[in-house]
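Before any comments, here is the structure.
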Amino acid sequence: MSTYDESDAFEGASLAARAMAARPSPYLEGLNPEQRKAVETIDGPVLMLAGAGTGKTKALTTRIVHMLNTGKARPNEILAVTFTNKAAREMKNRVGHLLGQPAEGMPWLGTFHSICVKLLRRHAELVGLKSNFTILDTDDQLRLLKQLVQAAGIDDKRWPARALAGVIDNWKNRAWTPDNLPAAEAGAYDGKGPALYRQYQARLIELNAVDFGDLLLHVVSIFQTHDDVLAQYQRWFRFIMVDEYQDTNVAQYLWLRLLAAGHKNICCVGDDDQSIYGWRGAEVGNILRFEADFPGAAVIRLEQNYRSTPHILAAASSVISGNQGRLGKELWTEAETGEKVRLIGHWDGEEEARWIGEEVDAMQGGTRGLRGFSLDDMAILVRASHQMRAFEDRFLTIGMPYRVIGGPRFYERMEIRDAMAYFRLVTSPADDLAFERIVNTPKRGLGDKAQQKIQMTARANGVPLIEGARILLAEKGLGGKGAIELGKLIEGLDRWASLTQGELRRVALDADSVVEDGGEIERVEYGPPEMTHVELAETILDESGYTGMWQNDKTPEAPGRLENLKELVKALEQFENLQGFLEHVSLIMDNEAGEDGEKISIMTLHAAKGLEFPVVFLPGWEDGLFPSQRSMDESGQRGVEEERRLAYVGITRAEEVCTISFAGNRRVYGQWQSQMPSRFIDELPEDHVEVLTPPGLYGGGYGAAGMNSTLETRVAEANVYNSPGWRRLQTRSAERPTSQPREASKTVIDLQAVSAHSMGERVFHQKFGYGLIIGIEGDKLEIDFEKAGAKKVVARFITGTDDVPF
DNA sequence: AATCCCGACATTTTT
DNA sequence: TGTCGGGATT
């Protein structure tokens with residue numbers, strides 16, 4: 001009955017298989033014995049415990065290629081799941097590379113979510129959805145919940161909708177539907193959680209929409225209640241592979257277990273020591289329990305590290321050994337030389353940033369006895385994103401190019417979401433959430449009152465909002481400017497939709513090009529569309545007044561937003577039509593900004609997982625900040641252990657030079673606080689650590705505290721000196737000579753950039769906005785910013801206001 | 001309907 | 001110290 005076997009056949013791989021079967025497999029030769037075992041153990045459950053930098057992706061991709069080449073599996077029989085699109089993409093690329101051709105034919109290599117979308121589109125009707133359901137992001141989700149909370153007459157001051165969103169997400173992570181919610185959860189969200197959850201799910205079905213959690217939840221539900229469907233996929237996916245298994249939540253675990261129950265050929269790759277997503281539902285228990293869940297599992301440990309020096313590995317091992325209940329791994333390396341992990345304390349956070357700035361500068365030039373590094377080789381990894389500020393400020397001042405990884409993603413930006421709402425409304429007029437989003441953006445004089453009228457009319461007639469608006473207009477239920485503008489908007493939407501008609505119908509027919517049970521696809525001929533979808537997108541943004549809105553906006557962000565809109569339109573070119581684009585975007589939230597020039601990276605420890613850098617700075621190792629107080633308060637010992645794993649992840653990112661630092665004083669929410677060195681510093685192995693002394697007056701910024709005599713700083717000193725971390729630092733420090741005086745930093749002075757400007761000129765800066773030049777000093781300009789106040793900034797980060805695109 | 005001002009508040013984040 | 005959301009104001 002299934003038509004998959006025929007339709008998904010993959011010719012390329014079988015050709016490759018034949019070609020390679022003739023020779024012994026050369027791709028196996030570069031593997032170490034453990035990797036090789038992981039690659040060749042194909043049948044039965046396998047747990048690959050892969051420590052940081054042990055060639056996990058290599059093993060995983062080679063394993064896929066091996067299965068294909070030996071004819072064990074066809075590409076469409078392998079289910080390979082990752083968490084991020086980036087990981088999926090990389091795997092696809094590497095498999096393709098090993099195969100010597102693009103791995104186009106691996107239809108089931110993707111993220112949990114993207115694979116679930118595919119599955120759910122095929123079986124949507126089993127959970128009451130249509131197969132063209134839309135996927136809501138967290139923003140849509142929150143607005144929906146707000147409406148429900150409001151309708152329930154709940155004081156959203158005491159019980160914010162945000163909290164409800166969190167509760168519901170948690171439930172979904174645990175695969176709890178409204179029907180199988182444990183009794184213990186009844187009290188959630190002031191006792192109204194369960195009822196609101198039920199309402200929310202019902203509303204989603206009404207809207208023919210799902211949130212991210214639903215993608216898994218619905219598929220698990222289908223598997224649990226429809227044996228035939230499950231059996232079909234169990235048969236189909238003969239080999240299952242899972243990356244980052246330590247990050248799976250209960251829903252994902254159930255999903256995998258259900259699918260693997262047939263052939264039991266499941267290979268999970270992960271590292272319990274790198275489980276850092278417990279706070280969003282990941283269960284380390286999943287990986288710890290693997291052997292119990294899958295009896296007879298082969299457990300393979302990848303412990304040979306190809307990334308870091310022995311000192312760095314020793315430091316990481318020493319820290320992580322403080323955790324209980326590990327599966328246990330000991331990283332080792334053939335490398336014999338390398339720098340020790342460097343540890344340094346500073347007087348305060350600003351000095352820490354200043355020191356790192358100078359250090360980066362020096363290392364870039366290859367001074368300090370180290371080889372010269374590119375800025376691209378260096379990264380600063382922080383615990384919390386607010387710590388990035390100190391570095392950004394410092395780097396802007398000294399003209400050090402940097403890039404921030406993470407942060408708001410392209411498709412989460414307001415202007416992008418607005419634009420997308422327009423596109424959504426044009427392709428599916430019944431999209432109420434999109435309608436709500438843009439009905440008064442740009443301002444059309446349609447405030448709360450007018451929008452309520454539309455809502456009521458729509459509800460009374462049981463139609464989508466846009467139809468409600470039509471009726472309201474026809475009944476003359478709205479007057480004045482609002483009525484005229486609303487009329488124009490609806491007229492516009494109709495017109496834009498008509499321009500896309502041909503495309504729409506074609507898309508609906510070959511959606512996913514899957515027809516089950518012998519259904520026939522009927523091809524219909526269409527004339528050429530009246531304009532390309534790219535032109536259409538431009539027309540929509542233009543005629544709706546949306547572009548104009550930002551062109552007239554004088555805030556410093558406006559030019560950037562217009563720039564983003566341009567980029568959005570450019571991104572459209574890669575798709576056949578608007579619909580296809582929207583589908584893609586709802587799942588791919590990547591921010592692949594084209595990077596120019598060498599830059600040092602700043603990111604959170606979480607964002608750094610999976611990355612590596614020759615030079616890594618780990619600032620802010622202070623108790624309360626790292627480990628974070630909140631984590632310890634909320635999760636106690638378990639929290640500390642997750643923080644410790646974060647420390648482990650941080651250290652193991654470094655290949656050659658790893659520098660840990662802390663500050664004795666730090667401004668927290670504007671208040672100065674004295675800080676104690678992190679407990680993790682005590683867990684570093686002395687023999688592998690070199691303690692540096694910061695430059696500055698009286699032989700060290702941190703120690704120089706003594707010259708200050710205010711009560712506050714004495715208290716600070718007392719605290720700091722009493723901490724075990726500090727005592728140890730002192731002893732070690734005394735044993736070693738202080739570091740040589742710093743060589744002069746050699747920032748290139750760019751006088752040309754300065755000469756382009758003059759006193760009193762109005763200029764623009766990416767981060768600080770507009771301001772007037774009030775001073776010139778070397779290659780720096782002193783600027784009185786309208787929003788940010790007076791600052792000295794390197795001239796090349798400044799543009800004259802004439803240059804700013806409006 | 002839009003703007004302004006005040007108080008509460010403050011990890012980590014992918015899909 | 002900054003941001004965001006709500007209530008009061010224009």
Side-chain angles (χ1 to χ4, degrees), chain A residues 81-88 110-117 135-142 146 155-158 160-162 166 169 172-173 210-217 244 247-249 251-252 275-282 349 381-390 393 405-409 411-412 440 442-451 480-482 485 584-591 603-610 620 624-635 639 642-643 645-647 649-650 666-673 787-789:
Chain A
V81 257
T82 64
F83 275 86
T84 65
N85 291 300
K86 197 174 151 212
T111 63
F112 276 102
H113 294 268
S114 67
I115 287 169
C116 282
V117 172
I135 302 162
L136 305 187
D137 59 28
T138 30
D139 222 70
D140 295 321
Q141 183 189 21
L142 199 61
K146 265 191 187 141
D155 176 12
D156 61 353
K157 227 182 172 135
R158 279 191 59 194
R162 244 203 120 65
D169 273 348
K172 291 188 174 177
N173 284 339
V210 298
D211 63 21
F212 287 125
D214 281 340
L215 290 173
L216 272 142
L217 191 62
E244 306 280 15
D247 289 337
T248 50
N249 61 33
Q252 288 154 341
S275 164
I276 54 174
Y277 284 109
W279 50 274
R280 68 176 197 214
L381 313 183
V382 297
R383 172 66 246 265
S385 46
H386 66 251
Q387 291 173 260
M388 295 181 186
R389 239 200 95 137
D393 282 353
I405 311 264
R409 268 151 289 283
Y411 290 112
E412 279 169 18
N440 200 30
K443 302 270 180 278
R444 295 191 172 90
L446 296 161
D448 276 352
K449 238 173 50 194
Q451 290 188 39
K481 185 167 140 252
E485 291 290 320
H584 169 83
V585 161
S586 57
L587 280 177
I588 313 268
M589 290 298 203
D590 278 0
N591 191 6
M603 69 190 92
T604 62
L605 287 162
H606 284 91
K609 196 171 81 158
L625 186 59
F626 186 46
S628 114
Q629 192 57 51
R630 188 144 167 194
S631 187
M632 294 189 288
D633 290 347
E634 282 174 10
S635 316
E642 184 151 313
E643 298 283 308
R645 292 193 288 266
L646 219 33
V649 167
R666 195 173 285 279
R667 214 165 21 181
V668 184
Y669 305 139
Q671 303 279 87
W672 280 101
Q673 268 192 3
K787 291 247 165 79

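The sequence lines fix the lettering, A, B, ..., with proteins before strands; numbering per chain opens at 1. Because the structure is predicted, anything quoted here is derived from the model rather than measured.
Residue contacts for A:D448: at a heavy-atom cut-off of 4.0 Å it reaches the sugar-phosphate backbone alone, with no base atom in range. Within the 4.0 angstrom heavy-atom criterion, base atoms lie near A:S628. Heavy atoms of A:Q451 sit nowhere under 4.0 angstrom from any nucleic acid atom. Using a 4.0 Å heavy-atom criterion, one finds that A:S385 contacts the sugar-phosphate atoms exclusively.
With rounding to whole Å, A:K443 atom NZ is found 8 Å from B:dA2 atom C1'. Protein atom CD1 of A:I405 is 12 Å distant from nucleotide atom P of B:dT14, rounded to whole Å. One interatomic measurement links the two molecules: CG of A:D139 to P of B:dT15, which rounds to 17 Å at whole-angstrom precision.
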Please evaluate residues A:Q141 and A:D214 with respect to the criterion side chain to side chain contact (heavy atoms under 4.5 Å, CB included), reporting the C-alpha separation (whole Å), side-chain torsions for both, the decisive distance (0.1 Å), and the verdict.
CA-CA 11 Å; A:Q141 183 189 21; A:D214 281 340; over 6 Å; no
A:T84 and A:K609: CA distance, side-chain angles, deciding distance, side chain to side chain contact (heavy atoms under 4.5 Å, CB included) verdict:
CA-CA 12 Å; A:T84 65; A:K609 196 171 81 158; over 6 Å; no
Might you work through the side chain to side chain contact (heavy atoms under 4.5 Å, CB included) test for A:E642 and A:W279, ending with a clear yes or no?
CA-CA 9 Å; A:E642 184 151 313; A:W279 50 274; 3.1 Å; yes
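Taken to the nearest 0.5 Å, the CG atom of A:D211 stands 10.0 Å off from the CG atom of A:D140.
Between A:N85 and B:dT14 there is no side-chain polar atom (N or O) within less than 4.0 angstrom of OP1 or OP2. Contact annotation: A:R389 side-chain N/O to C:dG2 OP1/OP2 distance is under 4.0 Å.
Toward the 5' end of DNA chain B, the nearer of the two residues A:G213 and A:H386, judged by each one's closest nucleotide, is A:H386. Take the nearest nucleotide of DNA chain B for A:G445 and for A:L605: the residue whose nucleotide is more 5' is A:G445.
The base of B:dT12 is paired with the side chain of A:R383 by a donor and an acceptor separated by under 3.5 Å.
Stacking of A:Y669 onto the six-membered ring of B:dA10 is present: less than 5.5 angstrom between centres, less than 30° between planes. Residue side chain A:W279 meets the stacking definition with respect to B:dT12: its ring centre sits within less than 5.5 angstrom of the base's six-membered ring centre, and the planes differ by less than 30 degrees.
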